[in-house]
Structure formats: structure tokens, C-alpha cells
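Chain letters run A, B, ... following the sequence lines, proteins first and then strands; every chain starts at 1. All heavy atoms count here, side chains included; hydrogens, waters and symmetry mates do not.
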Amino acid sequence: MHHRLQEIVIMGTCLTMSKKKRKRYGGAAQGNRRPLDGSHEEPMPLPNPMVGFNLPNDRLRSVTRRLPQQAIGPPFFYYENVALAPKGVWATISRFLYDIEPEFVDSKHLCAAARKRGYIHNLPIENRFPLLPLPPKTIFEAFPHYKKWWPSWDPRRQLNCLQTSMSSAKLTERIQCALASSGNPPPKSVQKYVMDECRKWNLVWVGKNKVAHLEPDEVEYLLGFPRDHTRGVGKTERFKSLGNSFQVDTVAYHLSVLKDMYPNGVNVLSLFTGIGGGEVALHRLGIHMRTVVSVEIGEVNRRILRGWWDQTQTGTLIEIADVKSLTDDRIATFVRRFGGFDLVIGGSPCNNLAGSNRHHRDGLEGEQSALFYHYFRIVDAVKSAMGRM
DNA sequence: CCGAGGATGAGCGTACCT
DNA sequence: AGGTACGCTCATCCTCGG
């Protein structure tokens with residue numbers, strides 16, 4: 001009851017504000033502006049290819065950007081969500097996050113699996129560097145042993161987006177039957193059936209006529225996590241947590257600029273932490289985390305993060321379950337206690353934005369995805385608390 | 001045996017892109 | 001015209017401790 005009231009107040013504030021903030025994000029113009037097609041939302045075209053402001057090892061394009069004055073830190077912040085959200089969602093997110101132009105990146109340019117995501121951050125974009133070793137960018141580089149059974153008529157060299165649920169064993173069986181009862185190579189119709197299923201479920205060839213879904217440790221590897229990062233919980237839970245997480249190499253590339261700026265480490269406010277993709281990225285970059293205040297609703301995810309933290313970190317980890325309980329007052333107290341946050345990082349829930357959701361793809365006002373407004377509230381609260389320091 | 005909790009399998013449209 | 005998408009729900013079965 002109390003939460004609901006609070007939420008309405010927050011929404012009211014935001015909506016009022018969004019009316020005032022009419023200005024579009026500045027910086028490098030990205031393609032043509034279509035005329036308003038009756039809707040009040042402005043278009044947010046996705047770049048093609050989806051490579052963000054720059055990629056590792058391409059010095060051909062040196063993009064510069066000018067951040068809106070309001071967007072300039074402290075703190076630095078880093079926000080993430082699915083790129084293919086319903087129309088108008090990214091325009092709204094951008095408007096709330098100080099009119100910063102989103103950086104859209106498909107992680108297939110950095111690893112062996114696609115992951116189309118938008119990132120809004122106020123980090124510098126010059127002198128980025130990638131994590132080493134560079135991750136494999138094709139299926140065969142990542143998993144050489146799959147070459148053995150890969151048929152010549154399967155042209156895939158990269159995987160599709162790693163999602164939260166996996167195919168059934170029955171499907172493996174059906175495909176095996178279909179292939180066994182046809183020649184080699186199979187007729188086009190069978191090829192199409194098999195390829196459609198393989199693409200839909202990210203299947204790989206593990207035996208003669210036999211496809212299977214990836215295993216949790218393979219997903220961990222593709223996403224840039226240490227081996228067995230999510231070990232110790234049910235398999236279904238692992239897939240769900242991994243499917244919801246960052247691609248570590250991609251995020252680390254963006255965060256790499258922090259390394260020289262904070263030789264003594266950083267204080268991090270981590271929202272919607274999940275299994276700790278941001279923390280793993282900072283750790284792999286060699287950026288020390290003095291303090292992480294982590295907000296994560298899932299008990300399983302909190303346990304995974306705590307397990308990793310205790311094994312690898314010396315700093316302080318404070319875990320909070322619910323973003324709604326992180327009030328502006330508590331934020332101010334944290335800011336005083338730690339001397340401010342250097343980075344606020346997080347991706348808010350995508351389930352009401354994601355295309356796979358048949359039931360509640362309600363957009364940014366959906367039950368979970370509306371928690372984005374708390375991300376905005378909290379960044380803004382940190383900003384003003386640090387302004388008073 | 002019983003029940004809780006986890007795993008499995010199937011079905012579920014659509015918006016927005018190239 | 002075709003392809004992709006950090007998902008949800010429900011029924012059913014399995015597993016385990018008591």
C-alpha cells in the first residue's frame with residue numbers, strides 16, 4: 001500500500017518533469033529524423049551496424065560526443081536495457097536520463113553470441129580498452145569440439161541472443177527423428193525445419209543428427225563470467241539469471257575508462273545487480289571496489305553475488321533487496337558515509353519490454369519495467385546528495 | 001503415503017527491424 | 001516477406017524429507 005503511494009508520487013514527478021524536458025539529446029546526429037507520425041513520441045532509430053560509439057581495435061572511427069550539461073557527473077552512471085523495446089521507450093528513458101543519447105551495441109561484435117542492448121551513460125568514450133584475452137567471436141572458436149558434428153548446411157557462425165529459458169529434450173528427439181528418416185543432405189524442407197528450431201533455441205550439434213541446448217557453463221563463458229559463477233542453484237534458475245545478465249566484455253569495454261581515473265578503487269551503487277555482471281566487469285578490469293551497495297530482489301542472485309564476492313574481493317558489500325526501500329534519506333546517509341559514489345550502474349527489468357513476452361509486454365509502465373523510474377530517482381538522489389558534499 | 005518445491009514441456013502473438 | 005526477441009503460464013511429472 002505504502003509502496004503504491006510512493007510510486008504514484010514518483011511517477012507524477014517524472015511525468016511533470018518530462019513535459020518540461022522537451023529538448024532532444026544533442027551530440028552527433030544519428031541518421032535522419034522522420035516526421036512525427038501522429039504519435040507524441042520521437043523516433044529513436046537503431047544504428048546499423050549496431051556497434052555503439054566505437055569498438056575495440058577500430059581506430060578508423062573516432063566518435064566524439066558532447067554531453068548535455070545536466071548529464072555531467074559526479075556520479076558516473078551506466079544504464080542498460082534491451083535495444084528492441086517498444087516504440088518510444090528509449091526516447092523516454094533518454095529524456096529522463098538527462099537527454100543523453102543511448103549507445104546501442106550488439107555484443108555479437110565482441111563475442112560469439114548476439115545481444116542487442118542500449119546503454120545510457122555519462123562516461124568518457126575515448127581511450128577505451130577491451131578485456132584480455134579477447135573472447136572468441138565465432139561458435140567454433142568458442143567450442144571447437146562442435147565442428148565434428150556440424151553439418152555443412154548449417155551456416156551459423158554465431159549464436160542468437162542468450163535468453164532465459166531453454167529448449168526441451170523432446171525437441172532434440174524430434175529433430176533427430178526427422179534427420180534419421182531423411183537422406184544426407186536432408187531435403188530443403190527438413191533443413192528449414194531444423195534450422196528454424198536451431199536458431200530459435202540456440203541449438204548446437206553434439207552428435208550425429210543430434211542437437212542440444214547450451215549448458216550453463218557454456219552460457220557463463222559466452223557472457224564473460226568466470227566458470228561456475230552461478231553454480232550451486234538449480235539449472236533452470238541458472239539459465240534465468242544468466243539470460244538476464246550483462247555481457248561482461250561489452251560492459252567492461254565501456255567501463256574501462258574508469259581504470260586510470262580511480263587507481264585507489266571505486267565506490268559503486270549497483271541497482272538490479274542480478275548475478276553481478278557489472279562487478280565482474282570491474283574486477284576483470286582490475287578496478288578495485290572499495291564498497292558496493294547492491295540492490296537485488298532475487299534471493300538466489302544475492303547468494304551468487306555474495307559467494308563470488310567473498311571469494312574474490314576484499315572490499316565491503318552491502319546487499320539490499322528492494323529498490324523501493326532505498327529511500328533518498330538512506331542514499332544521503334550512504335553518500336556521507338562513503339564520501340560519495342563513483343559509479344551508479346544497473347539494468348532495470350526488461351520483461352515488459354522484451355519481444356519474447358506474449359503476456360505482459362506492457363512497455364515502460366509495465367509492473368517490473370516501471371522500476372526504471374527508481375533507477376532515475378536514485379541516480380538523481382545521488383547526484384543531489386553529492387552536490388551538497 | 002503425503003505434500004512442497006523443482007524440473008519439464010507445450011503453447012502462447014506481436015512489434016519492429018532488415 | 002522474413003526473421004528475431006534479458007518471457008509467462010499452466011499442467012504434469014519427479015524428487016525428496018517427513
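Side-chain proximity of A:K116 to the nucleotides B:dC16, B:dG13, C:dA5 is greatest for C:dA5. Closest to the side chain of A:S168, out of C:dC6, C:dT9, B:dA10, is B:dA10. In the set C:dC6, B:dA15, B:dA10, B:dA15 carries the atom at the smallest distance from any side-chain atom of A:R361. The listed nucleotides are B:dT18, C:dG7, B:dC16; the one nearest the side chain of A:P86 is B:dC16. Across B:dT14, C:dC6, B:dG9, the shortest atom-to-atom separation from the side chain of A:K170 is found for B:dG9. Closest to the A:R174 side chain, of the nucleotides B:dA10, C:dC6, C:dC8, is B:dA10.
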*asked:* The test is side chain to side chain donor-acceptor pair (under 3.5 Å); show your working for A:R115 and A:S107 and say whether it passes.
replied: CA-CA 5 Å; A:R115 207 167 189 80; A:S107 291; 5.9 Å; no
*Please assess A:E101 against A:S94 for the test side chain to side chain donor-acceptor pair (under 3.5 Å), listing each intermediate value before the final yes or no.*
CA-CA 6 Å; A:E101 177 186 359; A:S94 167; over 6 Å; no
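In the model, A:Y79 has a side-chain atom that pairs as donor or acceptor with a side-chain atom of A:N81 under 3.5 Å. No donor-acceptor contact under 3.5 angstrom links the side chains of A:Y253 and A:Q247, judged on distance only. When only modelled atom types and interatomic distance are considered, A:S270 and A:E279 share a side-chain donor-acceptor pair under 3.5 Å.
Side-chain contact between A:I331 and A:L326: present, with at least one pair of heavy atoms (C-beta onward) separated by less than 4.5 Å. Side-chain atoms of A:V266 and A:M289, non-hydrogen and from C-beta on, do get closer than 4.5 Å to each other.
Put simply, CZ on A:F239 is 16 Å from C1' on C:dG7, counting in whole angstrom units. Atom NE2 in A:H213 sits roughly 12 Å away from atom C1' in B:dG9 (whole-Å rounding). In this entry the distance linking CG of A:N357 with P of B:dC16 reads 15 Å, nearest Å. The nearest whole Å value for the distance from the CZ atom in A:R238 to the P atom in B:dG6 is 16 Å. Atoms CD (A:Q163) and C1' (C:dC8) sit 13 Å apart, rounded to a whole Å. A:M50 places its CE atom 11 Å from the C1' atom of B:dT18, with the value rounded to the nearest Å. Rounded to whole Å, atom P of C:dC6 lies 18 Å from atom CZ of A:F372. Note: CG (A:L162) to C1' (C:dT4) measures 14 Å, nearest angstrom.
Going from the C1' atom of B:dT18 to that of C:dC6 covers 22 Å, rounded to whole Å.
Using a cutoff of 4.0 Å between basic side-chain nitrogens and carboxylate oxygens, A:E103 and A:R128 are scored as salt-bridged.
Among the heavy atoms of the strands, none lies under 4.0 Å from A:S369. Nucleic acid contact for A:C161: sugar-phosphate only, since backbone atoms but no base atoms lie under 4.0 Å from a heavy atom of the residue. Within 4.0 Å (heavy atoms only), A:E237 reaches no atom of the nucleic acid at all. Within 4.0 Å of A:N160, counting heavy atoms only, lie sugar-phosphate atoms of the nucleic acid but no base atom. Across all strands shown, A:K240 has no heavy atoms under 4.0 Å from either base or sugar-phosphate atoms.
The number of heavy-atom neighbours closer than 6.0 Å to CZ of A:R231, taken from other residues, nucleotides and ligands shown, is 12 or below.
Between A:R358 and the phosphate of C:dT9, there is no side-chain N or O to OP1/OP2 separation shorter than 4.0 Å. Checking the phosphate oxygens (OP1, OP2) of C:dG7, a side-chain nitrogen or oxygen of A:N244 falls inside 4.0 Å. Put simply, A:S165 has no side-chain N or O that comes within less than 4.0 Å of OP1 or OP2 on C:dG7. At the phosphate of C:dC8, OP1 or OP2 sits under 4.0 Å from a side-chain N or O atom of A:N351. Taking side-chain N and O atoms only, A:H360 has a distance below 4.0 Å to OP1 or OP2 of C:dT9.
Within residues 190-212 of chain A, no residue is approached by DNA chain B to less than 4.0 Å at the level of any non-hydrogen atom.
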_Watson-Crick or G-U pairs under 3.5 Å in DNA chain C, rendered as dot-bracket with [ ] for crossing pairs and | for another strand_ = |||||.||||||||||||
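Hydrophobic side-chain contacts under 4.5 Å tie A:L132 into a cluster, directly or through other members, with A:L134.
Annotation: cation-pi pair A:K383/A:Y98 present, NZ/CZ under 6.0 Å from the ring centroid and within 45° of its normal.
Closest-nucleotide positions on DNA chain B for A:T236 and A:S356 were compared, and the one nearer the 5' end corresponds to A:T236.
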